Each structure stands twice: as C-alpha cells, then as structure tokens.
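Reading through the structure tokens given below for one structure.
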Amino acid sequence: MVEQVTVFVPASIANLGCGFDIMGMAVESAGDILSMEMSEGDGIEIINRTDYDIPSSVDDNVMTPSIRAMLAAAGVRKHLKITLMCKIMPGSGIGSSAASAAGAVVALNTLLGNRFSEKEMVEFAMEGEALSSGGAKHADNVAPAILGGIVLICSYSPFEYIRIPFPDSFCAAIAHPRITVKTSESRAVLPKDIPLHDAILQWANVGGLVAGFMNRDMGLVGRSMRDVIVEPYRKQFIPGYDDLRDKLLAAGAKAFNISGSGPSVFALCEDEVKARELCSIMTEHFMSRGIFADSLVAHGDNRGARVIF
Ligand code: HSE
C-alpha cells in the first residue's frame with residue numbers, strides 16, 4: 001500500500017539582525033511544495049520537478065539526514081519517494097535548504113501518524129540544516145518554517161524555543177541579488193571572540209527586538225534590529241550595503257538587515273505600498289551595480305509548514 005502527502009513550507013528570514021542563530025521568522029509569498037509517497041521497502045528516491053538543480057546524490061540532499069533521523073527514532077523501515085514541485089531558489093538566503101528539510105520531516109511525520117511533536121520535528125530538521133551550513137546545527141530557519149511566525153531559540157541544549165506571532169500590520173520587503181554567498185563561507189568570516197561592549201549591545205538589542213515584536217512596536221523593532229557582531233563581517237559580501245541601508249531608512253524603512261547568511265536582504269515597514277517602494281529601491285540599487293535582483297513583498301506566515309493535500 002502506498003500512502004502519499006503533499007506539504008507547503010514557507011520561506012524564512014533567519015537572524016533578524018541581532019539574533020544570529022537564535023531568531024527567525026516565516027514569510028508568506030514564497031515557499032516549497034513537495035510530495036512524499038511511503039511504501040514498503042527501504043531507501044529514499046528524490047524526483048526534482050523544479051527549475052533548480054539539486055544535489056545529484058541522495059546522500060548530499062539536506063532532506064536525507066532529517067528523514068533518516070526520524071525513521072531511526074520511529075524504528076521503522078520504509079521506502080520514500082519525494083517529488084519536489086516548487087522550490088525556493090537555492091542559495092537565496094530565505095531558507096531554501098531549511099524548507100526542504102522542514103518539508104521532509106512534516107511530510108514524513110504525517111505519513112507516520114503524527115507520532116512526533118513539533119519540537120521533535122524541528123530537531124530532526126536541524127540534522128538537514130547542519131549539512132548545508134558546514135556542520136552547525138541551527139534552528140533559526142527550520143523552526144519558523146515548521147512553526148510559523150517568529151521563533152526565538154532560548155536554548156539549544158536542552159532544545160527550547162518560544163514562538164511569537166508576526167504582527168499582521170508588519171510587512172517585509174525582500175530583495176535577492178544574484179550573487180553567490182555560501183553559508184559555510186559567510187560563517188567562516190565571523191569572529192570567534194567578541195568584545196564585552198559588543199556583547200552588551202547585542203543582548204540589549206535582542207531583548208528590545210523580542211519586546212518590540214511582542215508589543216507590536218515597530219519603532220522598537222527598528223531600533224533593536226541592529227547587529228554589531230555578525231553584520232560588520234558579512235556586509236562585505238553585499239555590494240554597497242551601507243549605502244543601501246541609508247537609502248532605505250531615508251525612504252521610511254524601519255529596519256534593514258541581511259536575511260540569514262545572505263545574499264538576500266530585507267527591510268521592515270508597516271504598509272504594503274511602502275514595502276513595494278522599498279523593493280524598487282533595493283532592486284535598482286543592485287541593478288545599478290550590474291547585479292540582477294528580484295524582490296518580493298511579504299507578510300509573516302503565522303501558520304508554518306502544512307499539509308495541502
Ligand atoms: N543563522 C544562520 C547564519 C542562518 O546566519 O549562518 C543561515 O541560513
């Protein structure tokens with residue numbers, strides 16, 4: 001007997017400025033769709049019906065470690081055939097690998113009768129994320145992709161998080177310049193030690209950011225979405241980054257930062273018309289430097305990964 005399920009997984013913006021590896025949010029308007037068929041037997045088969053290349057070997061696909069971890073925990077052997085139907089552009093910085101890993105665990109958990117909790121699903125999905133980030137197990141994309149909204153990771157060991165709904169009135173403008181920034185490389189440039197005065201600023205900003213989202217206070221979110229630890233090292237990968245931030249803030253953006261490890265960047269504001277204007281500023285900025293960029297306006301996705309049929 002073959003059982004089948006199809007899931008949608010939203011894109012996500014990790015870090016949210018100061019929350020490196022501990023905060024992220026799910027956004028609507030982009031996401032993955034994949035279907036999974038489960039039958040008797042063994043092995044994983046991946047069929048790619050998207051426009052993008054995926055690793056040719058199943059062992060190199062981010063879905064595989066997550067699936068193997070879940071099957072081992074369930075103590076079952078099954079043959080799984082996965083068909084990728086819609087994919088966030090790989091390398092865009094809005095959670096493409098996380099969406100694959102999250103989609104695989106949500107689909108498999110559904111086929112296994114929902115035997116694992118949301119928290120366990122996030123932990124299985126982190127196994128896949130580790131493959132794409134050079135071994136680092138972080139949940140700031142996979143957690144919001146699965147749970148929806150904004151997720152703050154309070155602790156990795158033991159694993160604990162809190163979920164904060166993304167305020168309906170907030171809107172994101174996201175631009176993806178077509179340059180390559182590998183997550184593993186953008187992690188390798190980060191400092192191993194941090195001066196105390198930077199750490200103080202950073203944890204003050206994380207507190208302000210969380211309070212801002214919880215109180216739906218965009219002004220506080222904007223003042224707090226400042227990253228003095230990671231952004232200074234990563235902005236070198238994004239041409240004209242400081243100039244772009246100044247232009248966006250002058251045009252009315254409340255916050256601006258790098259989405260995850262880049263190259264996508266995002267700004268927050270409180271209305272869609274403004275978000276469209278910010279998108280134009282971002283795409284023109286990159287185009288004027290000879291870099292093609294596309295953009296999207298997105299509200300938060302507060303539902304997270306879901307079965308669609
Ligand atoms: N927190 C991770 C990073 C997200 O910034 O490296 C990468 O997707």
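Predicted model, so just to flag it, every value in this text is computed and none were measured.
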Other residues, nucleotides, ligands: >12 heavy atoms within 6.0 Å of Lys182 NZ = no

Kindly list each side-chain donor-acceptor pair under 3.5 angstrom involving residues 159-167, sequence neighbours excluded, with atom names and distances?
residue : atom : partner : partner atom : Å
Arg163  : NE   : Leu147  : O            : 3.0
Arg163  : NE   : Gly148  : O            : 3.0
Arg163  : NH2  : Asn302  : O            : 2.7

Looking at Ile150, Leu268, Asn257, Val221, which one forms a side chain to side chain contact (heavy atoms under 4.5 Å, CB included) with Leu16?
-> Ile150

Taking everything shown except Arg77 itself, do over 12 heavy atoms lie less than 6.0 Å from its CZ?
-> no

Quick one: do Arg216 and Asp168 make a salt bridge, cutoff under 4.0 Å?
-> no

Can you hop from Val62 to Val106 via hydrophobic side chains spaced under 4.5 Å?
-> no

The residue among Gln236, Lys235, Glu231 that forms side-chain hydrogen bond (donor to acceptor under 3.5 Å, both in side chains) with Tyr241 is Glu231

Could you list who else is in Leu196's hydrophobic cluster, with ILVMFWY side chains joined at under 4.5 Å, directly or through other members?
-> Ile200, Trp203

Within a reach of under 6.0 Å around CZ of Arg178, are more than 12 heavy atoms found that belong to other residues, nucleotides or ligands?
-> yes

Please indicate whether Met89 has more than 12 foreign heavy atoms, meaning atoms of other residues, nucleotides or ligands, lying under 6.0 Å from its CE.
-> yes

When every non-hydrogen atom of Ser261 is compared with those of Ser186, the smallest separation belongs to CB-OG, 3.1 Å

Could you tell me whether the side chain of Lys87 reaches within less than 4.5 Å of the side chain of Ser100, counting heavy atoms only?
-> yes

Listed partners of Asn61 passing side-chain hydrogen bond (donor to acceptor under 3.5 Å, both in side chains), at least two apart | none

Is a side-chain donor-acceptor pair under 3.5 Å present for Gln4 with Thr6?
-> yes

How far apart are the C-alpha atoms of Lys137 and Glu127, what are their side-chain angles, what is the distance that settles it, and do they pass the salt bridge (charged side-chain N to carboxylate O under 4.0 Å, His left out) test?
-> CA-CA 7 Å; Lys137 272 196 201 175; Glu127 300 288 335; 2.9 Å; yes

Can you find a side-chain donor-acceptor pair between Ser264 and Ser259 that sits under 3.5 Å?
-> no

Answer yes or no: are there more than 12 heavy-atom neighbours, outside Asp242 itself, under 6.0 Å from its atom CG?
-> yes

Considering non-hydrogen atoms only, spot the tightest contact between Ala251 and Leu278 and give its length.
-> CB-CD2, 4.1 Å

What closest approach, in Å, do Phe266 and Ile258 show between heavy atoms, and which atom pair accounts for it?
-> CE2-O, 3.5 Å

Arg289 and Asp243: side-chain contact (heavy atoms from CB on, under 4.5 Å), yes or no, with the steps?
-> CA-CA 12 Å; Arg289 286 168 166 76; Asp243 179 37; 3.4 Å; yes

Member of Glu270, Glu277, Glu272 meeting the salt bridge (Lys or Arg N to Asp or Glu O under 4.0 Å) criterion with Lys274 = Glu277

side-chain hydrogen bond (donor to acceptor under 3.5 Å, both in side chains) involving Arg68 - partner list, sequence neighbours excluded = Asp59

With Glu123 via side-chain hydrogen bond (donor to acceptor under 3.5 Å, both in side chains) - residues at least two apart | none

Residues forming a side-chain hydrogen bond (donor to acceptor under 3.5 Å, both in side chains) with Asp271, sequence neighbours excluded | none

